[in-house]
2 protein chains.
Amino acid sequence: MKLSKRSKYGLLALIDLAARKDSAPVRLKELAKRNNIPVKFLEQIFVTLRNSGIVHSQIGAGGGYALGRPAKYIMVGQVIRILDGTIAPVSCISKIAYEPCTCPDERTCPVRAVMNRVRDSIVAVIDNTSLADAAAQNKPQRQRA
Amino acid sequence: MKLSKRSKYGLLALIDLAARKDSAPVRLKELAKRNNIPVKFLEQIFVTLRNSGIVHSQIGAGGGYALGRPAKYIMVGQVIRILDGTIAPVSCISKIAYEPCTCPDERTCPVRAVMNRVRDSIVAVIDNTSLADAAAQNKPQRQRA
DNA sequence: TAAATTCCCAGTAAAGTAGTAGGAATTATA
DNA sequence: TATAATTCCTACTACTTTACTGGGAATTTA
């Protein structure tokens, strides 16, 4: 049930982008440094994100990355699916990456039934949380003692 | 976000046990065959389950495994934790296997915050579904066209 | 032209996953 | 008591995934 570093790093950097007011391109080096991520690894991650349209890039000196659309329209779930592949805990319930499993009868498989509910509950969170939501929730922390 | 085969196989076999009326020990061979699981692999899994008290075993001819307590008191979540380790998508929110992560500030880390909610939603499902529930829900299927 | 940046491809060490293999210990039954 | 059936235990292994690292080409700004 683990989130890969790819997704974790990707989300951290994207949320960092989302927290900015202007949409000027930000250098990868800066994103990496601020979030304590190996630069070359983040580079790979951002190429993938760019190919999916999550960010767009500006090459050359003074270049960098910016979000491809407003942060409130980029869902955490979408980022994870792009970077990690499917969300489904077992491949036999995935819509985008279905693969049959080895259980005797998929239609009555009780593990499949439970995992279906697990998947739904995960999706309910990550597909309803945008980068903007995520960026907002660490700033105005709920009151504390 | 994947469930390992270990957990999947373990759950399948346990739910199979849970679906039986009598509590006579069942041979591993039979459990493996019925659920299409490599015997030797299932053997390893059941040794772990036995060490955790989920099942108890009877050695020798005519021996086998039986649930350690009634199926309604064994939660799917407990089995997964035993076989796969922690549930938490990131180790920095795990109570049983906490490890610091690399983000600049764990207290305000937005990824951590989202993953906390993901973890809670997963746990809400798997810690409220017993083996008995799982065994029951494939038999009396909700009405179908 | 020089510096700064993204882009692209390849390699790699370590860990995790999903098993296999072989045999010792224990027990029921004939 | 012998035999067959079973669990128990340890070790090994092939494969895949993860998390990087390295080198350099292409592009743009100044």
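Proteins come first, then strands; the chains are lettered A, B, ... in the order of their sequence lines, and each starts at number 1.
- Computed from coordinates, the B/Tyr9 OH to C/dT17 P distance equals 14 Å when rounded to whole Å.
- Rounded to a whole Å, the NZ atom of A/Lys5 is 12 Å from the P atom of D/dT21.
- The distance from atom CZ of B/Arg50 to atom C1' of D/dT7 is 8 Å, rounded to the nearest whole Å.
- Hydrophobic clustering of Ile, Leu, Val, Met, Phe, Trp and Tyr side chains at less than 4.5 Å, counting indirect connections, keeps B/Ile82 apart from B/Met75.
- Residue B/Ser57 places at least one side-chain N or O closer than 4.0 Å to OP1 or OP2 of D/dC8.
- With the nearest nucleotide of DNA chain D identified for both A/Lys2 and A/Gly62, A/Lys2 has the one nearer the 5' end.
- A 6.0 Å sphere centred on OH of A/Tyr98 holds more than 12 heavy atoms belonging to other residues, nucleotides or ligands.
- For the atom pair CD of B/Glu106 and OG1 of B/Thr108, the computed distance is 10.0 Å after rounding to the nearest 0.5 Å.
- Taking atom CD1 on B/Ile59 and atom C1' on C/dA28, their separation rounds to 13 Å, with Å as the unit.
- DNA chain C is contacted by both A/Asn51 and A/Gly63; A/Gly63 maps to the nucleotide lying nearer its 5′ end (nearest heavy atom per residue).
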Check: Given B/Lys2 and A/Asp84, is the salt bridge (Lys or Arg N to Asp or Glu O under 4.0 Å) satisfied, shown in steps?
Finding: CA-CA 11 Å; B/Lys2 212 166 137 257; A/Asp84 272 16; over 6 Å; no

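- Side chain of A/Ser94 to backbone of A/Ala88: no donor-acceptor contact under 3.5 angstrom is found.
- B/Lys8 has its NZ atom 14 Å from the C1' atom of C/dT17, to the nearest Å.
- Ranking C/dC7, D/dT6, C/dT5 by closeness to the A/Lys29 side chain, first place goes to C/dT5.
- Whole-Å rounding puts the A/Arg6 CZ to C/dA15 P distance at 20 Å.
- Computed from coordinates, the B/Gln58 CD to C/dA28 C1' distance equals 9 Å when rounded to whole Å.
- Within a heavy-atom distance below 4.0 Å of DNA chain D, the residues of residues 32-45 of chain B found are B/Lys40, B/Glu43, B/Gln44.
- Heavy atoms of B/Phe46 sit nowhere under 4.0 angstrom from any nucleic acid atom.
- Using a 4.0 Å cut-off, no side-chain N or O of B/Ser4 falls inside it from OP1 or OP2 of C/dG16.
- Counting only distance, with no hydrogens or angles, the side chain of B/Asn35 and the backbone of B/Ala13 share no donor-acceptor pair below 3.5 Å.
- Using modelled atom types, one side-chain atom of B/Ser121 and one backbone atom of B/Val118 make a donor-acceptor pair closer than 3.5 Å.
- If you measure from atom CG of B/Leu3 to atom C1' of C/dA18, you get 14 Å, rounded to the nearest angstrom.
- In terms of position along DNA chain D, the nucleotide closest to B/Leu28 lies nearer the 5' end than the nucleotide closest to the other residue of the pair A/Gly60 and B/Leu28.
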